[in-house]
Each structure stands twice: as C-alpha cells, then as structure tokens.
Amino acid sequence: MRAVQIVELTGPDTALALSEVPDPSSPPEHPLSPGSGVLVEVHAAGVSFPEVLQTRGEYQLKPPLPFVPGSEIAGVLREAPEGAALRPGDRVAAFCALGGWAELAVAPEFLTFALAPQLDYAQGAGLILNYHTAYFALVLRGRLTEGETVLVHGAAGGVGTAALQVAKGLGARTIAVVSSEAKQKVAERAGADAVVRSDGPWKDEVREISSSSSSSSSGGGGVDLVLDPVGGDRFTDSLRSLNEGGRVVVVGFTGGAIPEVRVNRLLLSNTEVIGAGWGAYAMARPELCRDIGKALEPLIESGAVAPIVGARFPLDRAAQALREIDERRAMGKVVLDVR
C-alpha cells in the first residue's frame with residue numbers, strides 16, 4: 001500500500017517520503033487494544049499540529065524511524081473483531097494514533113465510530129481528535145453549562161472551530177479570537193456569536209461584549225470560560241477577560257511559548273486554570289471515548305457539529321499540508337485525500 005512516512009527528523013519540508021509499505025496484518029491488531037483492532041480502507045486523513053512536531057522529533061510519542069504518522073482517518077471498514085458494533089462496509093471515522101497517512105490503517109474499536117450520513121469523508125477525518133478534545137475540554141474539564149459565555153482562541157483552526165460548534169450546540173454564547181479577516185469568516189461560519197481580532201484590544205472588547213451576558217455573576221463583564229489552544233503572550237489577558245469564578249482551559253501551545261501564571265490573579269478573582277489533555281487520558285479509558293462519541297451524536301444529528309474542512313491535499317503533498325499548520329495559515333481542518 002502507499003503511505004507517507006517520516007524518515008528523518010528535519011521538519012515538514014524534508015522529513016517525509018511517499019513509500020510502498022506492507023499492508024497491515026490480518027486479523028488487525030492495535031497497540032491501544034492488544035489482540036484486537038479494526039482495519040479501515042482510508043479515504044481521508046486528518047493533518048494536525050502533533051504531526052508537525054513529529055517531523056522534528058518534538059512530540060511526546062517518538063516511534064523509531066521510519067514510521068507512518070497520522071492519527072485521524074475516515075473511510076470504509078474492512079475488518080472488525082467478533083462482536084463489534086460496526087461491520088465491514090460501514091462508513092467510519094476513527095482515531096488510530098499513528099499510521100493514518102496510508103491507504104489502509106488499523107484503529108482500536110473503542111475509537112472507531114459510524115460516520116453519520118450527513119458528513120463526508122473529509123469531515124470524518126476532522127471529527128475525533130478535534131471534537132472529542134473540544135467536548136472533553138469544555139464539558140468534562142471546563143464544566144460548561146447552558147447559558148454561559150465561552151471565549152475561544154485560535155477560533156479558525158480545527159480545535160477552535162470544533163469548540164465553537166460544541167459550545168453553541170450545548171447552549172453557550174461564543175466569542176472567537178482570530179488574526180485575520182479570512183479567519184473571522186471561518187469563525188462566523190462555525191457559529192461564533194461575536195468575533196474579535198487578536199491584533200486589537202480584544203480583552204477590552206470581550207469584556208464589553210460579555211457584559212450583557214446573563215451568566216456574568218460579577219455584573220462587570222467577563223466570560224465564564226476561555227478555551228486556549230494557542231498559549232503565548234495572550235494568556236494573561238485571557239485571565240483578565242474572565243468574570244468572577246471563570247475558568248481558562250489550556251488545550252495546547254500552537255503559539256510556541258508556554259505561558260506562566262501569577263497565581264495571585266487566581267486568588268483575587270476566584271478563577272481557575274485547568275489543563276485538558278485529552279490524548280493520553282482518553283486512550284487509557286475506552287468507556288470515556290465511547291461516552292464522548294455518544295454525547296456528540298445528537299449534536300451531529302442536529303447539525304450543530306459539522307466539521308469545517310479547510311485546505312485539502314493529495315497524499316504526495318503531505319509536506320505542504322503540514323506547512324499550512326506550521327505557518328499558521330490553516331482555517332478549518334487540513335485534510336489529505338488518500339483515495
């Protein structure tokens with residue numbers, strides 16, 4: 001089968017090679033579910049920030065070279081273990097952790113879900129990592145409730161658009177932070193109630209916009225929850241944009257710099273900084289993965305969740321796909337069309 005491999009740790013431009021590699025063994029087996037797995041004929045594969053890091057050897061998961069990256073796939077199920085809810089021929093979206101940038105990939109059964117008929121394969125390739133992360137961060141870690149106001153950084157990217165849609169679907173008011181007019185249009189398409197620019201006085205604008213929110217218990221404006229996949233120098237202003245009792249949920253650091261917190265700010269305003277690391281936590285808890293998948297079903301059926309697909313590339317242009325993310329041009333989910 002054809003697959004893209006990381007063959008050296010030199011960055012997106014030179015680390016990749018399109019190769020012919022052996023098909024996965026039959027019956028399929030995945031490291032996250034020893035002794036079992038599902039085999040998927042891959043039609044589309046997602047491209048995410050972890051793959052950028054993997055090309056430089058900077059991600060926590062460091063398989064020996066060469067290896068096939070790619071954690072998200074959508075396609076047609078070929079093989080499944082006995083007793084699985086899904087059957088060969090079903091359209092599926094799956095999280096495979098590694099191996100997704102190939103014509104065939106193996107995923108654990110507990111991270112393989114039926115792909116709703118209203119979603120195409122490219123949308124399916126943007127469903128699990130981003131939307132499971134968004135739900136985990138907003139609801140299970142951030143304790144989001146209906147009627148609250150949520151501020152989303154990086155709101156035109158994969159996690160950002162997912163967070164806007166999930167929050168809206170759960171009855172929250174949403175404010176997006178973006179860096180350009182083009183990204184503003186993407187955030188609005190994802191359902192943002194208001195959009196502010198990161199190159200402007202966004203903190204003051206957010207407090208003004210949120211001052212009319214009925215959920216602001218302090219009465220002086222401020223949001224209830226900030227979802228931050230960016231980090232960097234805007235983190236302090238994220239804390240300042242909270243109302244009393246508000247929460248900042250940290251999802252990642254695509255901006256590069258890891259911010260530090262002056263904890264007296266948390267004390268004085270009764271606010272919180274919460275980590276939301278979906279990956280390793282969820283991988284060890286199959287029932288949690290199934291529960292999140294189940295919770296997202298009504299949001300997909302209602303149309304609230306519909307992954308926004310951005311740039312699409314064939315398999316042999318995977319390096320260009322990574323550059324979209326590395327150079328922060330990505331709007332929506334970047335996808336490789338495998339078939």
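Every heavy atom of this structure was used, including side-chain atoms; hydrogens, water molecules and symmetry mates were not.
- Atom CZ of Arg240 sits in a crowded spot, with more than 12 heavy atoms from other residues, nucleotides or ligands closer than 6.0 Å.
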**Request:** Determine, stepwise, if the pair Leu266 / Val261 fulfils side-chain contact (heavy atoms from CB on, under 4.5 Å).
**Result:** CA-CA 9 Å; Leu266 311 182; Val261 179; 4.2 Å; yes
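- Between Trp101 and Phe67, a ring centre-to-centre spacing not shorter than 6.0 Å is recorded.
- Remark: the backbone N or O of Gly245 is not paired with any side-chain donor or acceptor of Asn270 at under 3.5 angstrom.
- No donor-acceptor contact under 3.5 angstrom links the side chains of Glu324 and Gln320, judged on distance only.
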Exercise answer: donor-acceptor pairs, residues 80-90 side-chain atoms, under 3.5 Å, sequence neighbours excluded:
residue : atom : partner : partner atom : Å
Arg87   : NH1  : Ala84   : O            : 2.2
Asp90   : OD2  : Arg87   : N            : 2.8

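- The number of heavy-atom neighbours closer than 6.0 Å to NZ of Lys185, taken from other residues, nucleotides and ligands shown, is 12 or below.
- To the nearest 0.5 Å, the span separating CD1 on Ile73 from CZ on Phe95 amounts to 10.5 Å.
- Side-chain polar atoms of Lys333 and Ser48 form a donor-acceptor pair below 3.5 angstrom.
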**Asked** Could you walk me through whether Arg247 and Glu272 pass the salt bridge (Lys or Arg N to Asp or Glu O under 4.0 Å) check?
**Response** CA-CA 5 Å; Arg247 297 89 69 198; Glu272 301 174 55; 5.3 Å; no
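- When Ile175, Val195, Val196 are each tested for a side-chain contact (heavy atoms from CB on, under 4.5 Å) with Glu205, only one passes: Val196.
- No more than 12 heavy atoms of other residues, nucleotides or ligands lie within 6.0 Å of CD in Glu146, so this atom counts as exposed by the packing criterion.
- For the pair Asp193 and Lys168, the salt-bridge criterion is met [side-chain N within less than 4.0 Å of a carboxylate O].
- One hydrophobic cluster, built from ILVMFWY side chains closer than 4.5 Å, holds both Val273 and Leu151.
- Under a 4.0 Å N-O distance rule, the pair Arg312/Asp337 qualifies as a salt bridge.
- Side-chain contact check for Pro28 versus Glu79: some heavy-atom pair is nearer than 4.5 Å.
- Proximity of Leu104 to Val42: side-chain heavy atoms (C-beta onward) are nowhere separated by under 4.5 Å.
- Inspection of the Gln165 and Tyr131 side chains reveals an N or O donor paired with an N or O acceptor under 3.5 Å.
- The same ILVMFWY cluster, assembled from side-chain heavy atoms under 4.5 Å apart, contains both Val52 and Phe313.
- Counting heavy atoms from C-beta outward, Leu111 and Arg290 have side chains that stay 4.5 Å or more apart.
- For the 3.5 Å distance criterion, the side chains of Ser19 and Gln5 qualify, holding a donor opposite an acceptor.
- Phe113 and Leu296 fall within a single hydrophobic cluster, where Ile, Leu, Val, Met, Phe, Trp and Tyr are joined by side-chain heavy atoms under 4.5 Å apart, directly or via other members.
- Hydrophobic clustering (side-chain heavy atoms under 4.5 Å, transitive across Ile, Leu, Val, Met, Phe, Trp, Tyr) keeps Val206 apart from Leu164.
- Atom CZ of Arg285 sits about 12.5 Å away from atom CG of Asp291, to the nearest 0.5 Å.
- Ser36 and Glu29 are not linked by any side-chain donor-acceptor pair at a separation below 3.5 angstrom, with hydrogens and angles left out of the test.
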**Request:** In sequence, state the C-alpha distance, the side-chain angles, and the governing distance for Glu51 and Ser71, and then conclude on side-chain contact (heavy atoms from CB on, under 4.5 Å).
**Result:** CA-CA 9 Å; Glu51 281 101 40; Ser71 62; 3.6 Å; yes
**Asked** Would Thr271 and Arg265 count as a side-chain contact (heavy atoms from CB on, under 4.5 Å) if you check the C-alpha gap in whole Å, the side-chain angles of each, and the deciding distance to 0.1 Å?
**Response** CA-CA 8 Å; Thr271 52; Arg265 298 186 187 280; 5.6 Å; no
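- Ring orientation note: the planes of Phe136 and Tyr281 are tilted relative to one another, at an angle of 30° to 60°.
- Expressed to the nearest 0.5 Å, how far CG of Leu242 lies from OG of Ser210 amounts to 9.5 Å.
- No more than 12 heavy-atom neighbours from other residues, nucleotides or ligands sit within 6.0 angstrom of CG on Asp233.
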Less than 3.5 Å apart, which donor and acceptor atoms pair up between the side chains of residues 7-16 and the rest of the protein, not counting sequence neighbours?
residue : atom : partner : partner atom : Å
Thr10   : OG1  : Thr14   : OG1          : 2.6
Asp13   : OD1  : Arg323  : NH1          : 2.6

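- Using a 4.5 Å cut-off on side-chain heavy atoms (C-beta onward), Val230 and Arg234 make contact.
- Sequence neighbours left out, the pairs with a member in residues 94-104 that pass salt bridge (charged side-chain N to carboxylate O under 4.0 Å, His left out) are Arg2-Glu103.
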**Asked** So Asp228 and Val251, side-chain contact (heavy atoms from CB on, under 4.5 Å) or not? Walk me through it.
**Response** CA-CA 6 Å; Asp228 186 7; Val251 178; over 6 Å; no
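- Leu138 and Val159 fall within a single hydrophobic cluster, where Ile, Leu, Val, Met, Phe, Trp and Tyr side chains are chained together by heavy-atom contacts under 4.5 Å.
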